[in-house]
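Okay, structure first, notes after.
Computed from heavy atoms alone, side chains included, the values below leave out hydrogens, waters and symmetry copies.
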Amino acid sequence: MYVNNFANYSAIYGSIGAVIALMFWLYLTGIILVLGGEINDILYRYYEASKSKHDEVKIAPKTDEAILDDKFNELKETLIDSN
């Protein structure tokens, strides 16, 4: 609004208007970049958290009983095969 209405009063005021418009544009661009970075960080943290939750579900550690059952079954198979 300032640039459209008051930029043509004289060369001095036109220059000041151009500087004000440039400063406003740089300020607005900086805010957009910072907000974009914040949104990117939030989405990245959400992605990492969801990825780690899925990994925990897929790779569950075996209990001691399951390990012993596996060893017992291996031993039983080797004894049966050797006879």
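A donor-acceptor distance shorter than 3.5 angstrom exists from the side chain of N73 to the backbone of D69, with no hydrogens or angles considered.
In this structure the side chain of L75 reaches within 4.5 angstrom of the side chain of T78, judged on heavy atoms.
To the nearest 0.5 Å, atoms CD1 (I16) and CE (M23) are separated by 11.0 Å. Distance CH2/W25 to OG1/T29: 4.5 Å, rounded to 0.5 Å.
Linking Ile, Leu, Val, Met, Phe, Trp and Tyr whenever their side-chain heavy atoms come within less than 4.5 Å puts L35 and Y27 in one cluster.
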